A.B. asks: 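Take this structure first; my questions come after.
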Amino acid sequence: MEPQMKRWKGSECDADSWVAYPILSDEQSEDVELVEAFAAPIVNKKETSRLIRELNSLYPLNGLQHVKRVRACRNKDSPHPLEVLLCLISDAPNTKEVSILSLLPSDGDKWEGLGEPFVVKIPARPPLTRPQFELASQRWPTSFHEDKQVTVALKGELFSPQQKATMHMFMTSAVAAARAAEQLGMEAVGAVVVDPEREQVVAVGHDCRGDHPLHHAVMVCIDLVAQSQGGGCHRSDRYAACRFTPTDPTELHPEGGALPYICTGYDLYVTREPCVMCAMALVHSRIGRVFYGAASADGALGTNFKIHAQKDLNHRFEVYRGVLSEQCEDLNMQDVLREHVEGRTE
Amino acid sequence: MATEEGSKAELEADFSINDEEMKRWMGRAFEMAKDALENGEVPVGCLMVHRDEVVGKGRNEVNETKNATRHAEMVALDQVLDWCRHSNLDVRSVCERTVLYVTVEPCVMCAAALRLMNIPLVVYGCRNERFGGCGSVLDISSANLHDTGTTFRCVAGHRAQEAVEMLKTFYKQENPNAPRPKTRKD
């Protein structure tokens, strides 16, 4: 490992100081919702497949296809090895005493293989992530269609050391831009837009709120990207740390030939979690992925909203938090301290 | 306290918009929207009115600038800032007494921008089912966000059908700037 590490560009060892975690949708990150159901031991094991068939037609578990009908008994010393779901409590007939006879219609000796019913809590929705699957399985056996990338990402292992070194380099530029903004008396926020295919910086920008209350670092960067494509409308050229790389049509992929279109396919590195305005600006700009260092109180990519995973919007993107987290949190802290001091002097 | 309540009452009085005013300003916002449509932009137009004076106006100019954030409201807010600079007036105190008239409900981004600028009242035509930030997709106008300016009130529905028809006309045309959809190779 050691000799290979040395060949990577940037300060590869520093890239071990942080971990990038994905910001998943609410559905992917919330706790496992449970519903109550009646289950019963299968006293006569030979009757299992017949009982399942009968129960499936009497009480189909609609919308709960992820739940298995039968589980192995948890208590290893139990005389019966299997337990079966009878029905959801909400589907059960309203009776005072719960027994097999009150839950299931008496029909000869059809239900003879079942013991006394009891209440269990089962997962109401299919698990979307491995942590959800593990929690759900503790309640009742559940099937799971695993998204391997999400599993690896949640462990913080999605990016290889080489990728992390590159990410480290780009976020370092964002931090430098943030420091430049701070020097100018503006908020210490910096951002970098990158073409990940060519590993090339398209634009570097920082907070310019001193000029315009809406010129947050992300808005500045989006306009710099527009300028790189021959458009744009801000006047940020007076700041040395705000710059863009003009699009060179000869350098573009010879086969694709398509000119870059707003931020399509680009990655954004920003020191602080974007606010609602900036987050939605990134949706409009069709950004590819967003990496941010530190969360912010009104942040809209995880803290207050998850605009990147909003169902009704026409564009969604991946978001990762934690790149250079320590340096980025330091920048935020300085802003908070400064505001505190300014607040006092007012 | 008394002065604060006084200024609040004054604010309310300023913003009791009568029908005639609404018709007049919205009429001009619709002219802006038509101009956008004629220039291949999403037909949304708006006006910023401060004490019966237009201090900003805008229409969508996303394709023209290659910047997807150049919505009518953002363009108009830039003009408000310029107006304040030229008139040597404090931005916040002007914005706190400025009404936005816009043909379509502001999107999530613009709603947040309007909050950051402390615009107190928005009069709009039709709802924005795709991107609306005043209730349609998210309700940013009244959300509890400590660092995102002040909440604002909305008056909706004036010439809504007409605003929708304009959007439909636009979306029926092809966007010449959008990348070509990838076609499968056989």
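In what follows, every chain begins at residue 1, and chains take the letters A, B, ... in the order their sequences are listed. No experiment lies behind these values; they were computed from the predicted model shown.
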A.B. asks: Are more than 12 heavy atoms from other residues, nucleotides or ligands located less than 6.0 Å from atom CD of E326(A)?
C.D. replies: no
A.B. asks: Identify which of N144(B), L116(B), V91(B) forms the greatest number of heavy-atom pairs closer than 4.5 Å to chain A.
C.D. replies: L116(B)
A.B. asks: So which atom in I262(A) and which in K66(B) form the shortest heavy-atom distance, rounded to 0.1 Å?
C.D. replies: CG2-O, 3.4 Å
A.B. asks: For L282(A), is it the side chain, the backbone, both or neither that has a heavy atom under 4.5 Å from a heavy atom of chain B?
C.D. replies: neither
A.B. asks: Using non-hydrogen atoms only, which part of N304(A) is less than 4.5 Å away from chain B: side chain, backbone, both, or neither?
C.D. replies: side chain
A.B. asks: Can you tell me how far apart CE (M109(B)) and CD1 (I222(A)) are? Round to the nearest 0.5 Å.
C.D. replies: 8.0 Å
A.B. asks: To the nearest 0.5 Å, tell me how far Q310(A) CD sits from F131(B) CZ.
C.D. replies: 12.5 Å
A.B. asks: Looking only at non-hydrogen atoms, find the nearest pair between A68(B) and H284(A) and report the distance.
C.D. replies: CB-O, 3.3 Å
A.B. asks: Under 6.0 Å from the CZ atom of R115(B), do we count more than 12 heavy atoms belonging to anything else shown?
C.D. replies: yes
A.B. asks: Can you measure from SG (C233(A)) to CD (E61(B)) and round to the nearest 0.5 angstrom?
C.D. replies: 7.0 Å
A.B. asks: Is the number of heavy atoms from other residues, nucleotides or ligands within 6.0 Å of CG (N314(A)) greater than 12?
C.D. replies: yes
A.B. asks: Shortest non-hydrogen contact from M280(A) to V108(B)?
C.D. replies: CG-CB, 3.5 Å
A.B. asks: Inspect the surroundings of NZ in K306(A) and state if more than 12 heavy atoms from other residues, nucleotides or ligands are less than 6.0 Å away.
C.D. replies: yes
A.B. asks: Got a donor-acceptor contact below 3.5 angstrom from the N67(B) side chain to the A226(A) backbone?
C.D. replies: no
A.B. asks: How far apart are the closest heavy atoms of D298(A) and D147(B), and which atoms are they?
C.D. replies: OD2-N, 2.6 Å
A.B. asks: For the CD atom on E20(B), are there more than 12 heavy atoms of other groups (residues, nucleotides or ligands in this structure) within a distance under 6.0 Å?
C.D. replies: no
A.B. asks: Looking at every non-hydrogen atom in both residues, tell me the closest pair between D78(B) and H212(A) and how far apart they are.
C.D. replies: OD1-NE2, 2.6 Å
A.B. asks: Looking at M117(B), R130(B), M74(B), R85(B), which one has more heavy-atom pairs under 4.5 Å with chain A than the rest?
C.D. replies: M117(B)
A.B. asks: Return yes when atom CD of E27(A) has more than 12 non-hydrogen atoms of other residues, nucleotides or ligands closer than 6.0 Å, and no otherwise.
C.D. replies: yes
A.B. asks: Hey, could you give me the OG1/NE2 distance between T69(B) and H234(A), rounded to the nearest 0.5 Å?
C.D. replies: 5.5 Å
A.B. asks: Relative to chain A, which segment of C107(B) carries a heavy atom at a distance below 4.5 Å: side chain, backbone, both, or neither?
C.D. replies: side chain
A.B. asks: Which one wins on heavy-atom pair count under 4.5 Å against chain A: I140(B), L138(B), L77(B), T148(B)?
C.D. replies: L138(B)
A.B. asks: Need one label for A143(B): side chain, backbone, both or neither, based on atoms under 4.5 Å from any heavy atom in chain A.
C.D. replies: side chain
